[in-house]
Amino acid sequence: MAEEAAVRAQAETVRRLKQDKADADEIAKEVAKLLEMKAQLGTDEGKHKFVLKTPKGTRDFGPKEMAIRERAFKAIISCFKRHGAEVIDTPVFELKETLTGKYGEDSKLIYDLKDQGGELLSLRYDLTISCHSWGDDSFSCPSLALSQVPFARYLAMNKITNIKRYHIAKVYRRDNPAMTRGRYREFYQCDFDIAGQFDPMIPDAECLKIVHEILSDLQLGDFVIKVNDRRILDGVFAVCGVPDSKFRTICSSVDKLDKVPWEEVRSEMVAEKGLSPEAADRIGEYVQLHGGLDLIEQLLQDPQLSQNKVAKEGLGDMKLLFEYLTLFGITGKISFDLSLARGLDYYTGVIFEAVLLQQDNEHLEEPLSVGSVAGGGRYDGLVGMFDAKGRKVPCVGVSIGIERIFSILEQRLEASEEKIRTTETQVLVASAQKKLLEERLKLISELWDAGIKAEMLYKKNPKLLNQLQYCEETGIPLVAIVGEQELKEGVVKLRIVATREEVNVRRESLVEEIRIRTSQC
Amino acid sequence: QGTRDHAPAQAALRERLLGTVVSCFKRHGAAAIDTPVLELRDTLVGKYGEGAKLIYELQDQGGELLALRYDLTVPFARYLAMNKISKMKRYHVAKVYRRDNPATTRGRYREFYQCDFDIAGQFDPMIPDAECLKIVHEILSDLQLGDFVIKVNDRRILNGVFAVCGVPESQFIPACCTVDKLDKVSTGLRGRHFWSWDGCLRLGSVVAVLVEKSFTAAEMGLGAWLVRLLTVVPHKLCLCGLMEAVGEGNILQQLMSFCALQMPWEEVRSEMVAEKGLSPEAADRIGEYGRKVPCVGVSIGIERIFSILEQRLEASGEKLRTTETQVLVATPQKHLLAARMKLISELWDAGIKAEMLYKKDPKLLKQLQYCEDTGIPLAAIVGEQELADGVVKLRDVATRKEVRV
């Protein structure tokens with residue numbers, strides 16, 4: 001538009017004058033003119049066409065969502081702390097060169113920062129193992145073995161040989177999100193890792209114990225944690241006659257078994273990936289198996305597998321793991337599942353995935369799996385990739401699918417019609433008559449100083465009814481009412497919102513009274 | 001550059017710090033929100049005046065033009081406008097991103113936390129403003145940083161001062177910027193070409209009294225007018241117990257509006273010792289909404305406070321624990337891994353924070369050493385004898401006393 005162009009031209013003029021260090025008065029004059037033109041523009045066409053939104057694939061979290069998030073984080077973090085984990089935080093930026101080259105094709109999914117004359121930076125892509133698909137989109141694994149870049153880099157750079165840590169932070173991806181399925185461009189990842197050379201399977205068992213505790217605490221319903229081992233799968237492929245070169249690609253086919261029937265997987269392996277039908281059939285005999293210690297024993301006796309070195313190693317460790325899990329009391333929810341394949345590129349040993357089970361009341365024999373909510377495994381080679389001398393630090397860890405969990409909790413809340421509070425306020429300080437603002441201010445100040453969570457309305461003379469209404473809307477359980485009579489007597493009327501009963505409490509005892517009553521809730 | 005990895009000790013300290021701040025916000029009934037780290041470039045452009053060159057922009061990768069948020073106030077204004085909210089009390093603790101060259105010792109990094117508390121809405125005057133100041137006072141006291149003062153001023157007063165001193169209206173904002181630097185620069189506005197000392201003598205009524213006092217203060221231009229201010233601003237401030245927080249003879253300062261060319265806002269903001277408060281822009285600036293929503297709020301300079309606490313900690317030599325583990329489950333003899341695992345599992349299931357070494361047969365000494373290194377206060381020892389007797393030996397790491405439980 002002509003006026004906008006004129007404004008821009010005027011702005012240019014001003015800029016130029018300032019640059020040329022022109023006479024101050026002249027600059028002032030031009031600036032005033034610019035202001036006037038802008039004001040004109042404002043009144044002429046209404047507001048400038050501006051789109052008010054968040055970037056594509058990101059969203060705001062309002063108070064209700066934050067309350068749910070806090071509930072989830074509280075359960076998760078307290079579990080991590082219960083197990084003695086430390087927290088580290090890495091910056092959201094990575095040097096661009098650190099990230100590119102590690103994700104192969106996925107590099108185009110990284111957000112780059114403009115070259116504004118400094119280091120070339122990018123936003124952190126993930127904290128942990130990245131090729132898991134929390135959603136139903138199948139997401140092919142990057143061809144390079146990589147994950148947990150910041151953590152691995154941190155270990156390498158600081159020459160740390162053992163640490164037990166958790167890290168909760170947002171990561172950034174540019175893929176096209178299907179928003180209803182919970183995959184955004186900005187999303188939380190929540191990781192727990194144990195790095196260090198230790199006696200076998202003990203830390204691995206603790207990781208599984210942690211997943212079990214978190215999922216139980218969150219009360220998301222029934223779940224199962226599938227475990228497998230890369231070495232077992234490698235062994236199975238070897239004895240079934242899969243050529244070395246096809247290991248990875250066959251792996252990703254097998255991985256689909258949780259969503260797709262065996263027949264389809266088999267035909268994909270034969271038709272698309274060029275596997276011999278005999279080999280495919282033999283694979284089918286193994287990968288459809290799942291069970292517990294008994295299955296492990298059975299496989300240890302298997303004539304072919306027992307001849308394969310890596311399979312034996314994997315099975316031996318799996319047996320040890322199960323013994324430990326029994327001691328931890330969680331084997332009820334653990335399933336040794338040979339179809340679990342998960343991004344094997346960077347895993348070197350045990351792998352696991354937790355899925356929620358939907359109880360279908362109809363005629364299904366087996367509960368439907370709703371999708372994975374946590375996953376992880378052992379990745380012993382990663383730190384070595386960052387270390388200048390290639391020094392290895394064995395690691396095992398788990399990534400909690402926090403976004404998926406938020407979605408589930410949000411849906412649950414909506415369905416249940418439970419009203420979730422967005423504040424923790426214990427008492428509203430109210431006045432019954434006019435001109436008591438000062439008294440309210442004094443009282444609320446005393447309460448705050450004593451650590452009581454209190455609010456009051458920002459009105460000089462609010463109506464008592466409005467104040468009580470506010471309590472009901474926001475879930476505040478108590479009201480401390482100051483009135484002229486009460487002031488004279490040195491008491492405060494404490495009203496319980498739910499029952500509507502009122503007690504007169506002496507001013508000095510008010511704090512204690514509030515504490516007692518709110519701790520009972 | 002300008003960002004740092006937070007080792008566990010730092011992270012633990014930061015967690016403690018943020019915990020204190022958030023519990024204060026909650027005590028005052030604020031609800032939390034969170035916004036994306038990325039904003040449309042257009043949302044941020046034009047809101048920060050001189051600050052604009054400090055915004056981190058994302059490369060044009062063929063989609064929307066994006067930038068990293070520079071503060072939490074503009075996102076808040078956007079949130080209010082998008083959701084057509086006219087009243088809200090919210091806090092927001094999150095990281096913001098700026099490109100300035102950090103002077104690391106002063107604690108300004110390119111990625112840093114801000115803790116914002118804002119009250120939006122049309123209310124009876126000064127009550128929410130007073131609560132904001134009360135919050136700052138509570139936080140600074142709780143953190144035990146030492147003595148502090150909260151400086152207060154009003155944009156309208158300063159504009160008035162400028163006007164009567166003969167400063168042209170177009171110079172108001174630059175004048176504010178200069179005045180704002182007064183606590184860092186000892187020379188005042190003297191000598192600036194756009195106003196003169198003579199101008200000050202022409203002030204009338206309240207403002208004249210204030211300036212007069214400043215002359216005798218011999219510090220610089222605008223002097224100690226706090227007492228006078230209290231007659232202008234309602235005395236609510238006193239009632240909230242702030243009188244003692246406000247010192248005397250202090251230089252009042254303007255709070256900066258980052259919106260260079262616009263109508264001034266009716267707000268009072270308080271400046272914290274560490275960080276400047278911002279006047280959030282109302283919905284009508286964002287464009288679509290068209291309605292003004294008055295806001296008042298405060299931004300806590302958490303990074304600066306963090307630096308101070310960090311230095312204090314180092315100086316004191318106090319060791320900050322990085323975990324919260326209550327007890328280490330230990331075994332003195334060999335082949336007792338199973339017993340350790342069973343016991344620790346019971347403790348975890350009961351919510352006790354417990355750890356154990358990842359060794360099948362660890363030496364007792366090593367286990368006790370681990371407790372001392374990490375600050376774990378108790379050790380639950382199960383040996384063959386204890387297992388037979390059905391007890392656990394609970395050892396107090398500090399005192400070395402043991403009891404059979």
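Letters go in sequence order (proteins before strands), and every chain restarts at 1.
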A:D60 side chain near B:R78 side chain, heavy-atom distance below 4.5 Å: yes
Heavy-atom proximity to chain B below 4.5 Å, by part of A:E206: side chain
Where B:A338 and A:L327 come nearest, the two heavy atoms and their spacing: CA-CD1, 3.5 Å
Pairwise side-chain contact, B:Y91 with A:M66, heavy-atom cut-off 4.5 Å (strictly under): no
B:R16 atom CZ, neighbour heavy-atom count above 12 within 6.0 Å: no
Any side-chain heavy-atom pair of A:F328 and B:K342 under 4.5 Å: no
OG1-CG distance between A:T54 and B:L66, expressed to the nearest 0.5 angstrom: 10.0 Å
Close side-chain approach of B:K353 to A:H83, heavy-atom, < 4.5 Å: no
Audit row: B:W348, A:H212, side-chain contact (heavy atoms from CB on, under 4.5 Å) steps and yes/no: CA-CA 11 Å; B:W348 285 332; A:H212 190 278; over 6 Å; no
Residue among A:E323, A:Q426, A:R69 with most heavy-atom pairs under 4.5 Å to chain B: A:R69
Heavy-atom proximity to chain A below 4.5 Å, by part of B:I376: neither
Contact class of A:M456 relative to chain B, heavy atoms under 4.5 angstrom: side chain
Student check: side-chain heavy atoms of A:I202 and B:L337 closer than 4.5 Å: yes
A:K164, part contacting chain B, at a heavy-atom distance under 4.5 Å: side chain
For chain A, the option from B:L328, B:T322, B:I344 that forms the most heavy-atom pairs under 4.5 Å: B:T322
Closest non-hydrogen atom pair, A:V87 against B:A11: O-CB, 3.2 Å
Side chains of A:Y458 and B:K87, donor plus acceptor under 3.5 Å: no
Part of A:F80 within contact of chain B (heavy atom distance under 4.5 Å): neither
SB check A:E70 B:K26 (cutoff 4.0 Å): yes
A:G84 backbone acceptor or donor facing B:T323 side chain under 3.5 Å: no
N-O pairing of B:R27 and A:E424 below 4.0 Å: no
Residue B:L347 versus chain A: region with a heavy atom under 4.5 Å: neither
Chain B contacts, top residue of A:I476, A:L457, A:I194 (heavy-atom pairs, under 4.5 Å): A:I194
Any A:E455 side-chain heavy atom under 4.5 Å of B:K89 side chain: yes
Most chain A-contacting option - heavy-atom pairs closer than 4.5 Å, from B:G351, B:A339, B:G121, B:A30: B:G351
From A:E86 atom CD to B:R321 atom CZ, the distance as rounded to the nearest 0.5 Å: 10.5 Å
Closest-packed option against chain B by number of heavy-atom pairs under 4.5 Å, given A:D449, A:T326, A:D199: A:D199
Side chains of B:F123 and A:K459 in contact at under 4.5 Å (non-hydrogen atoms): no
Under 4.5 Å from any heavy atom of chain B - which part of A:A67: neither
Residue pair A:R59 / B:P36, side-chain heavy-atom distance below 4.5 Å: no
